[in-house]
Each structure stands twice: as structure tokens, then as C-alpha cells.
Amino acid sequence: MARERRSSRKSRQWPSVEEQLRDSRVVHGSALEQLIRDNQDFELLHPDEVNDGLPIPPWLRVHWRKQHPEEVPDASSPVASYPYPDVLDSVYEWMRIHQDLPRWYGEGQSTGNEPPEKPSGGRSRGSRGAA
């Protein structure tokens, strides 16, 4: 099966990294650029995905597949040709707007750029109430 994918891959063209960066309007040096460069393992994708018309770029599909290897529907499933969650295109738009990918790290990991936590309880200076 892997051979079929590789031979099909050669007959169909995945976009180059440069094309993907241009198509996503990526800022050079951004976290989004690195995420795209890190997710070029197109052998994880089905060859028919090259021209399937979904608004999800191949690098994001690869990233999703790496994070969710168990989420591959079997061929008889009605969703087999669209194995991605509907929200993924919204995630893509968010990434394009926020190319530094704030809070894109796993739980417990820190970027060092988080705002300080607000204290809980008490009133803020602008709150109304008995003085």
C-alpha cells in the first residue's frame, strides 16, 4: 500500500513549501512558517487529497494526522473521503491571523509570553458598589 501512495504521489503534485507559504500569506520567521515547514510528510495523506477541494492546506492535514493517528476512518465509512473535523478550516484562518501562534503549546508548556494572571475576587477599580 505504501508503494501505491508513493507512485501516486509522483503522478500528482503536492505544493512546494514555498507555494504553501505564499498561499497562506505567511510572515517570514513566524511560528506559523516553522509549523508549515515541520509538517511536510505528505506520505501520511491519501493521494486523492491532492485535488479534493477541501479548504485545509496539506501541511495542516499532516499536522492533524500526526496528532490524531487513530482518526483514520475505514474505506467503507461515509466520512472516509473527509476525515477532518469541520472546525479545522476555522483553525487555519485563526493561524493565518495569529501567525505567532499564541498559546499554541500543549498544557503545562509555557512560551514565556503569557500575560500575568488576574487576581481572583475583590473589585476592580472601576466597579461600582458601596465605598
Contact check, side chains of Leu35 and His63, non-hydrogen atoms, under 4.5 Å: yes

Spacing of Leu101 atom CG and Ser30 atom OG [to the nearest 0.5 Å]: 7.0 Å

For Asp38, all residues meeting side-chain hydrogen bond (donor to acceptor under 3.5 Å, both in side chains), sequence neighbours excluded: Gln34

Non-hydrogen side-chain atoms of His68 and Glu70 separated by less than 4.5 Å: yes

Trace of the side chain to side chain contact (heavy atoms under 4.5 Å, CB included) decision for Val17 with Gln40: CA-CA 8 Å; Val17 174; Gln40 298 295 305; 3.5 Å; yes

Joint hydrophobic cluster, Val91 plus Val27, side-chain heavy atoms closer than 4.5 Å: no

4.5 Å side-chain heavy-atom contact, Asn39 and Leu60: no

Test: Glu43 and Arg65 ion pair at under 4.0 Å: no

Heavy-atom check, side chain of Val87 versus side chain of Tyr92, under 4.5 Å: no

Partner residues of Asp41 under the salt bridge (Lys or Arg N to Asp or Glu O under 4.0 Å) criterion, sequence neighbours left out: Lys66

Donor-acceptor contact present, side-chain Gln67 to main-chain Trp64, <3.5 Å: no

Residues in side-chain contact (heavy atoms from CB on, under 4.5 Å) contact with Pro58, at least two apart in sequence or another chain: Trp14, Pro15, Gln20, Phe42, Leu45

Inter-residue atom distance Ser24.OG - Ile36.CD1, 0.5 Å rounding: 4.5 Å

Contacts of Glu93 that satisfy salt bridge (Lys or Arg N to Asp or Glu O under 4.0 Å) - sequence neighbours left out: Arg96

Pairs meeting criterion salt bridge (charged side-chain N to carboxylate O under 4.0 Å, His left out) with involvement of residues 20-30, two or more places apart: none

Partners passing salt bridge (Lys or Arg N to Asp or Glu O under 4.0 Å) against Arg37 (at least two apart in sequence or in another chain): Glu33

Closest contact, heavy atoms only, Arg61 versus Leu54: NH2-CB, 3.2 Å

Partners passing side-chain hydrogen bond (donor to acceptor under 3.5 Å, both in side chains) against Asp89 (at least two apart in sequence or in another chain): none

